[in-house]
Amino acid sequence: LEPLLKEERLGLSGAVEAGEAARIGRLAGAGVMAFGNFSRASGRAVLAVRLVTVETGEILGSTVERGDVTELDEMAQRAAEKLAGALAGK
């Protein structure tokens, strides 16, 4: 499992294509993977996340959360709640 986790960390760094990340997900037995990015500027933050099926690449749900950089936990919680709803609908 450690080699897969190492590859996943590489993918999160932006150094791996989404198709390669999906391959890693299949190797790990995942049915759905979360992809996203985070940026900040002038005290503001943007968190974008999407859920993608490993087999087909279908986007099950996505969200973009914006807020103050001090609100990162709340932004992540809102994103998780929205995406959990997308999974529940499948």
A86 and G61: which non-hydrogen atoms are nearest, and at how many Å? CB-CA, 4.0 Å
Intermediate values then yes/no, side chain to side chain contact (heavy atoms under 4.5 Å, CB included), L47 and V64: CA-CA 6 Å; L47 174 65; V64 176; over 6 Å; no
Would you call I59 and L51 a side-chain contact if the rule is heavy atoms closer than 4.5 Å? no
Within one Ile-Leu-Val-Met-Phe-Trp-Tyr cluster: V46 and F38, side-chain cutoff 4.5 Å: no
Which side-chain hydrogen bond (donor to acceptor under 3.5 Å, both in side chains) pairs, counting each pair once, include a residue from residues 59-68, with sequence neighbours left out? T63-E65, E65-R78, E65-K82, D68-T70
Side chains of M33 and V54 in contact at under 4.5 Å (non-hydrogen atoms): yes
Side chain to side chain, R50 and V52, heavy atoms closer than 4.5 Å: yes
Whether T56 side chain and E58 backbone form a donor-acceptor pair below 3.5 Å: yes
